[in-house]
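To start, the structure under review is shown below, and the notes come after it.
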There are 2 protein chains.
Amino acid sequence: MNINFFQSIYDHPLIQRNDLNVIMNTHERINFSKGSLLLKNGKMANEYYLIESGLLRAYVHDFSGNEITTDFYCANDIAIEVSSLFQRIPTKENIIALTNGIAWKIDFEKFQNLFHSIEGFREWGRAWMARQLFISKQRKIEMLTKSATERYKELIKDNPAIVQHVPIKHIASYLGITDTSLSRIRKEILFDL
Amino acid sequence: MNINFFQSIYDHPLIQRNDLNVIMNTHERINFSKGSLLLKNGKMANEYYLIESGLLRAYVHDFSGNEITTDFYCANDIAIEVSSLFQRIPTKENIIALTNGIAWKIDFEKFQNLFHSIEGFREWGRAWMARQLFISKQRKIEMLTKSATERYKELIKDNPAIVQHVPIKHIASYLGITDTSLSRIRKEILFDL
DNA sequence: AAATAATCTTGCCATATGACAGTAAATTAT
DNA sequence: ATAATTTACTGTCATATGGCAAGATTATTT
């Protein structure tokens, strides 16, 4: 078990080395295989996962039943459904594995203990939430101000792994367009690349 | 000072009555007047505000310098820029008063004390963040899946005060369209109302 | 009250994206 | 390997929204 992996994720000035050990030992290693569901619509999230390797996709169903991809999780990301986990309510999201992979799981009760017993951990947690909120806001603004083409180009730049491994229709719903349109956009920007 | 106001905002099963008193006394009443800035781009947020009355608008500038309205805050809302306040970094947002009003202010240091000393308060804080994250995600999905017309209709339904008091151009940028388009949409839906 | 400025509406045309259908290509199952 | 299924691309047409500019309306200042 690699301490650098945990250190890069639980990165906060108030988390001491021995705190990190406690935190590490609270996680459990799991393997997931392509197609398996880590979280299912209607259930309550009881854990979250640090992704060591592999690729996951989160999605919801819109009013007419179409899958809308809300997030991708890659190595070093945290796969989590905050709303369900922290409000103790059933989720509307699904998290499914797009590839095989390895993750480190921590469940809510253990998280809760760390949160209330380690000051650095709860500072980290709050900062993490703040960052997520910032990212979410940013993405919202980008949806408003940027064209689908620009958003796709940025995805290529920031997250090439996703573009390479994920079916177009999922990327399209993530970008908020149809797969038809994305197909055309891809054709368009071939010249730029 | 109205305890019901604070109770409705700091609403969590683990917050006891005397906790609430401590929390209440940590806030300071302020008046704000139309046009005043409660937060300015480039500064660090050092406090947040519970809005008792009045109307505020948060906005950022996009790459080409246009104002994008990111949020409105009404009575009983919390006007806060989480990212700057909790990550201790300068903000990119502005919060400006659209009307005169009354708010209760709490600054970061005092918040921090409450957070670490009252378990119920930090549970409330985390749940609040989780809810915000959920709302932000929801809005993102709505931007993806709903038309500008639908989004405007929902705004009318959920927040009529905003539609009545706020200049169209701000509502338009909040919805992610131009004021021209919003003007046409308004004309369109006159029939529906 | 008049003057000025800000805001809102409207017309014209351009463009991005969607809906639907058909085909091609790739993946998966038999 | 073959068949079946899923995924990706393309064509045609429809629609929503944007860009720009000119008026109309409303608000603000003098």
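Remember, predicted model here, so these are calculated numbers, not experimental data. Each chain gets a letter, A, B and so on, in the order the sequences are listed, and its residues count up from 1.
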B:I171 CD1 to C:dT7 P: how many Å, rounded? 13 Å
Could you list where the contact with chain B starts and ends along DNA chain D, reading 5' to 3', using a 4.0 Å heavy-atom cut-off? D:dT17 to D:dC20
Should B:E123 and B:R126 count as an ion pair when the cut-off is N to O under 4.0 Å? yes
Would you say the ring centroid of A:F72 lies under 6.0 angstrom from that of A:Y174? yes
Could you check whether A:E67 pairs with A:R57 (Lys NZ or Arg NE/NH1/NH2 to Asp/Glu carboxylate O, under 4.0 Å)? yes
Regarding A:E47 and A:K110, does a basic nitrogen lie under 4.0 Å from an acidic carboxylate oxygen? no
Report, one pair per line, the protein and nucleotides 12-18 of chain C atoms (nitrogen or oxygen only) whose separation is under 3.5 Å.
| residue | atom | partner | partner atom | Å |
| --- | --- | --- | --- | --- |
| C:dC12 | N4 | B:R184 | NH2 | 3.0 |
| C:dT17 | OP1 | A:A148 | N | 3.0 |
| C:dG18 | OP2 | A:T178 | N | 3.1 |
| C:dG18 | OP2 | A:T178 | OG1 | 3.0 |
| C:dG18 | OP2 | A:S181 | OG | 2.6 |

To the nearest Å, how far apart are B:H165 NE2 and C:dT7 C1'? 18 Å
Are A:R139 and A:E142 ion-paired here, with the side-chain N under 4.0 Å from a carboxylate O? no
Establish, from distance only, whether the side-chain atoms of A:W104 and A:E52 form a donor-acceptor pair under 3.5 Å. yes
Between A:K146 and A:E154, is the closest basic N to carboxylate O distance under 4.0 Å? yes
Would you tell me if any nitrogen or oxygen in the side chain of B:K187 comes within less than 4.0 Å of OP1 or OP2 on C:dT9? no
A:F111/A:Y48 aromatic ring centres below 6.0 Å: yes
